[in-house]
Amino acid sequence: MRRGAGILISLEGCDGCGKSTQARLLCERLLAAGLPVGPAGAPGAVVREPGGTAVGERIRDVLLHGTDHPEPWTEALLYAAARAELVARVLLPELERGRVLVLDRFVDSSLAYQGHARALGLAEVLAVNEPGLCGLLPDLTVLLALDPVVCMGRLAGSPDRIEGQGLAFQRRVAEGYELVARRFPERVRVVDGGRASGEVAREIAELALATIESRAGRQP
Ligand code: TYD
C-alpha cells in the first residue's frame, strides 16, 4: 500500500502516564513550528484511538463504557475493527494530503494490552490488525515510561472498564510496552514520563521534529 507524504506519530503508555496531555502539547508545538498538524478539517487536533470515526466511537463505547465484559479476543478484534475504520477513513487520506498526524494510541496499545496483558500474544494480535492497517505503521512512536503505581495515582474520576482492571493488569501492560519497544526499535523511542510536563514535552517535540526532518530529506 502506497502512503502519502504525511507523517504519523503515535503516543503510547499505560493509563495515567500523561500521554493525552503530551499529545496535545506536541500538536501545539508542531503547529507553532508552522507544520500542517492534524486532519485538514480539524487543524491542530490530536487523532484519538479507538475513536476518530463514527463507527469507531460506537465501538469505543462498547469497549469502555458497557457493563458487559467481552472475551479477550472479542476485545482485540473490536479494537482492530475501530482501527481499520480509522486507517481507511482518516489516516490514509490525511497522509495523502501531507498532514502531520499525532495519534493518542495506535496498534501498539493492542499489542501491550491485548497481546501481552490479556496474554493473546503479540504476534497473534499484530496478525489480526494487519489487514486493517494496510501496511501503515507510525514513523515515530513515543512510549511514555512511568511506574504503573504513579500512573494509577494520577487517574482522575471514575475509571473506564480497562482502567478498572487494577495494578497487576497495568504492570503487565507496562511489560507489554517493553516488548513492543524491543520488537520495533527503529520507530519506538522510550521517554521518561516521570519528569515535569514541560521537560517531557520538549524531548518529545525534538524527537518529532528530527523524524519530520529526516523524512523530508528522503522525499524526492
Ligand atoms: P484511551 O481513551 O486512549 O484511554 P486514556 O486516554 O485513558 O489513556 O484508551 C482507552 C482504554 O483502552 C485504555 O485503557 C487503553 C485501552 N486500549 C486497549 O486496551 N487496546 C487498544 O488497542 C487501545 C487503542 C486502547
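Note that the numbering runs from 1 along the sequence shown for the chain. Note that ligands are numbered from 1 as they come in the structure, with each ligand's atoms numbered from 1 the same way.
- By the criterion of a heavy-atom distance under 4.0 Å, the side chain of R83, and not its backbone, is placed next to ligand 1.
- The number of heavy atoms from other shown groups lying within 6.0 Å of CZ (R183) does not exceed 12.
- On a distance-only criterion, Y79 and ligand 1 share at least one N/O pair closer than 3.5 Å.
- Contacts between L64 and ligand 1, counted as non-hydrogen atom pairs separated by less than 4.0 Å, involve the side chain only.
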Show the numbers, then the answer: is there a side chain to side chain contact (heavy atoms under 4.5 Å, CB included) between V107 and F184? CA-CA 12 Å; V107 65; F184 298 103; over 6 Å; no
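- Considering backbone and side-chain N/O of R105, one or more are found under 3.5 Å from N/O of ligand 1.
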Extract all donor-acceptor atom pairs below 3.5 Å that involve side chains of residues 174-181 and protein atoms in other chains or at least two apart in sequence.
from, atom 1, to, atom 2, distance (Å)
E175, OE1, H116, NE2, 2.8
Y177, OH, E12, OE1, 2.7
Y177, OH, G13, N, 3.4
Y177, OH, R105, NH1, 3.1
Y177, OH, S109, OG, 3.3

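- With a 4.0 Å heavy-atom cut-off, ligand 1 is reached by the backbone of S110 and by its side chain too.
- Side-chain N/O atoms of Q170 and Q165 include no donor and acceptor closer than 3.5 Å.
- Below 4.0 Å from some heavy atom of S20 lie the following atoms of ligand 1, by number and element: 6 (O).
- Closest heavy-atom approach to atom 19 (O) of ligand 1 among the candidates E12, Q114, R60: Q114.
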Verdict with supporting geometry, L136 and L91, side chain to side chain contact (heavy atoms under 4.5 Å, CB included): CA-CA 9 Å; L136 187 66; L91 303 185; 3.9 Å; yes
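- Within 6.0 Å of the CZ atom in R89, the count of heavy atoms belonging to other residues, nucleotides or ligands does not exceed 12.
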